[in-house]
Amino acid sequence: MRITAIEVAGARRYAAVEGDALRLLGTVEGPARDLVSAASATPGDLVSGEGRRLVPVTPGKIIAIGLNYLDHVRETGMALPTEPLLFAKFPSTLIGDGDAIRFDPELATRVDWEVELGVVIGRTARKVGEEEALSHVLGYTVANDVSARDLQFADGQWTRGKNLDTFCPVGPEVVTADEVPDPQRLRMGTDVNGERVQDSSTGEMVFSVARIVAHCSRAFTLEPGDLILTGTPWGCGEFMSPQRSLRHGDRVSVWVEGIGTLTNTVDAVAGAG
């Protein structure tokens with residue numbers, strides 16, 4: 001099933017995507033209240049009119065993985081990690097398809113794109129083994145781990161540079177795990193103003209989705225609805241020659257085969273963010 005979130009009569013609702021049609025998940029009297037319950041609900045009435053698309057996830061935690069693609073490790077010149085490198089993004093970074101990535105150019109100028117496969121947790125995972133880890137996954141989505149490289153590298157740690165408001169576009173849909181037979185065989189990439197800048201595959205991951213879920217669950221509880229961003233491949237602007245960054249008016253699309261395409265424009269003006 002492909003699931004999206006929409007605004008209906010001022011309320012957040014979930015809907016199954018069936019081609020060009022949307023069907024509400026749950027009845028009007030008893031709508032699905034969260035993504036996990038929506039995934040088990042039966043598609044019902046067709047959505048009438050144009051409901052505004054919303055971010056399809058509302059995670060309690062957003063966990064991201066750094067340096068998790070062999071081709072990206074090579075382009076950075078950094079050492080290959082021996083364990084998944086974890087950092088966090090705040091829920092306030094979340095925006096949806098069509099929303100603007102906003103930042104103040106007086107605060108940050110080296111703002112970069114990072115296409116990522118997003119993993120949505122479907123049931124509680126604590127100290128699970130790698131062999132059972134994928135059974136805790138509800139589904140997959142597309143994410144853009146937008147990064148202010150100047151802040152990231154100046155600070156010596158990644159919190160500020162990864163967590164400016166709007167720096168985590170996600171969507172436009174979540175595809176349930178039963179429709180993704182192998183998350184390690186998905187082509188993915190980024191287009192900026194129609195130019196292909198990233199083009200790789202999840203087969204380049206250093207640590208698989210199963211390994212990441214198991215690793216995280218050994219340290220802390222993964223709860224239903226939590227979102228894991230699994231890293232980005234080669235082609236980040238920071239490591240190009242000459243170096244490239246997102247600018248005001250740019251249109252950036254990140255995509256994962258079989259999951260979808262997520263498009264956002266860039267709003268870089270003084271006082272933004």
Side-chain angles (χ1 to χ4, degrees), residues 1-9 11-28 30-60 62 91 94-99 115-123 133-145 168-191 201-202 209-210 212-213 222-230 252-264:
M1 184 187 298
R2 307 184 73 93
I3 304 171
T4 192
I6 57 174
E7 185 178 282
V8 178
R12 180 185 183 87
R13 297 292 304 273
Y14 292 92
V17 181
E18 300 178 354
D20 294 330
L22 298 178
R23 289 189 179 274
L24 291 176
L25 289 165
T27 65
V28 173
R33 297 297 182 185
D34 59 72
L35 179 60
V36 176
S37 63
S40 61
T42 301
D45 296 337
L46 283 169
V47 176
S48 58
E50 291 292 327
R52 185 172 73 92
R53 292 285 189 108
L54 305 174
V55 187
V57 294
T58 55
I62 305 172
L94 288 168
I95 59 172
D97 184 54
D99 294 336
V115 60
E116 310 223 359
L117 175 67
V119 177
V120 182
I121 298 299
R123 60 189 183 98
L134 292 185
S135 69
H136 293 263
V137 172
L138 171 72
Y140 301 91
T141 190
V142 185
N144 186 353
D145 176 23
C168 191
V170 174
E173 300 163 4
V174 172
V175 179
T176 53
D178 60 298
E179 296 197 10
V180 184
D182 186 354
Q184 306 308 142
R185 294 174 60 88
L186 302 174
R187 189 180 169 199
M188 64 195 307
T190 299
D191 301 321
S201 165
T202 56
V209 172
I212 291 167
V213 171
L222 294 171
E223 299 167 310
D226 283 350
L227 176 65
I228 302 175
L229 308 186
T230 54
V252 55
S253 295
V254 293
W255 50 270
V256 178
E257 175 188 19
I259 309 298
T261 299
L262 170 67
T263 300
N264 303 90

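At a threshold of 4.5 Å between non-hydrogen side-chain atoms, the residues V57 and L35 count as touching. Between R13 and V47, the closest side-chain pair of non-hydrogen atoms is not below 4.5 Å. The side-chain heavy atoms of L24 and I6, taken from C-beta on, include a pair separated by under 4.5 Å. In this structure, the side chains of L22 and V17 come closer than 4.5 Å at one or more pairs of heavy atoms. Counting only heavy atoms from C-beta outward, the side chains of P43 and L25 approach each other to under 4.5 Å. Residues L229 and I62 form a side-chain contact, since some pair of their non-hydrogen atoms from C-beta on lies under 4.5 Å apart. No side-chain heavy atom of V209 sits less than 4.5 Å from a side-chain heavy atom of T202. Residues P59 and I121 fail the side-chain proximity criterion, which asks for heavy atoms closer than 4.5 Å.
By the salt bridge (Lys or Arg N to Asp or Glu O under 4.0 Å) test, D145 pairs with K89, K162, sequence neighbours left out. Residues passing the salt bridge (Lys or Arg N to Asp or Glu O under 4.0 Å) test with R187 are D199, sequence neighbours excluded.
Looking only at distances, no side-chain donor or acceptor of R23 sits under 3.5 Å from a matching main-chain atom of T42.
Minimum heavy-atom separation, G60 to P91: O-CG, 4.3 Å. The two residues V254 and V115 have their closest heavy-atom pair at CB-CG2, 3.7 Å. The nearest pair of heavy atoms linking P56 to I3 is CB-O, 4.4 Å. The shortest heavy-atom contact between N264 and G98 is ND2-N, 3.8 Å. Minimum heavy-atom separation, L186 to I259: CD1-CG1, 4.5 Å.
Here CE of M188 is found 7.0 Å from CD of E116. Values are rounded to the nearest 0.5 Å. Within the model, atoms CH2 of W255 and OG1 of T263 stand 12.5 Å from one another, a figure rounded to the nearest 0.5 Å. The distance from atom CG of L222 to atom NE2 of H136, rounded to the nearest 0.5 Å, is 9.5 Å. For the atom pair CD (Q184) and CG (L117), the distance works out to 8.0 Å, reported to the nearest 0.5 Å. Separating the OG1 atom in T58 from the CG atom in D226 is a distance of 10.0 Å, to the nearest 0.5 Å.
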Extract all donor-acceptor atom pairs below 3.5 Å that involve side chains of residues 137-144 and protein atoms in other chains or at least two apart in sequence.
{"from": "T141", "atom 1": "OG1", "to": "E173", "atom 2": "O", "distance (Å)": "2.7"}
{"from": "N144", "atom 1": "OD1", "to": "E114", "atom 2": "N", "distance (Å)": "2.9"}

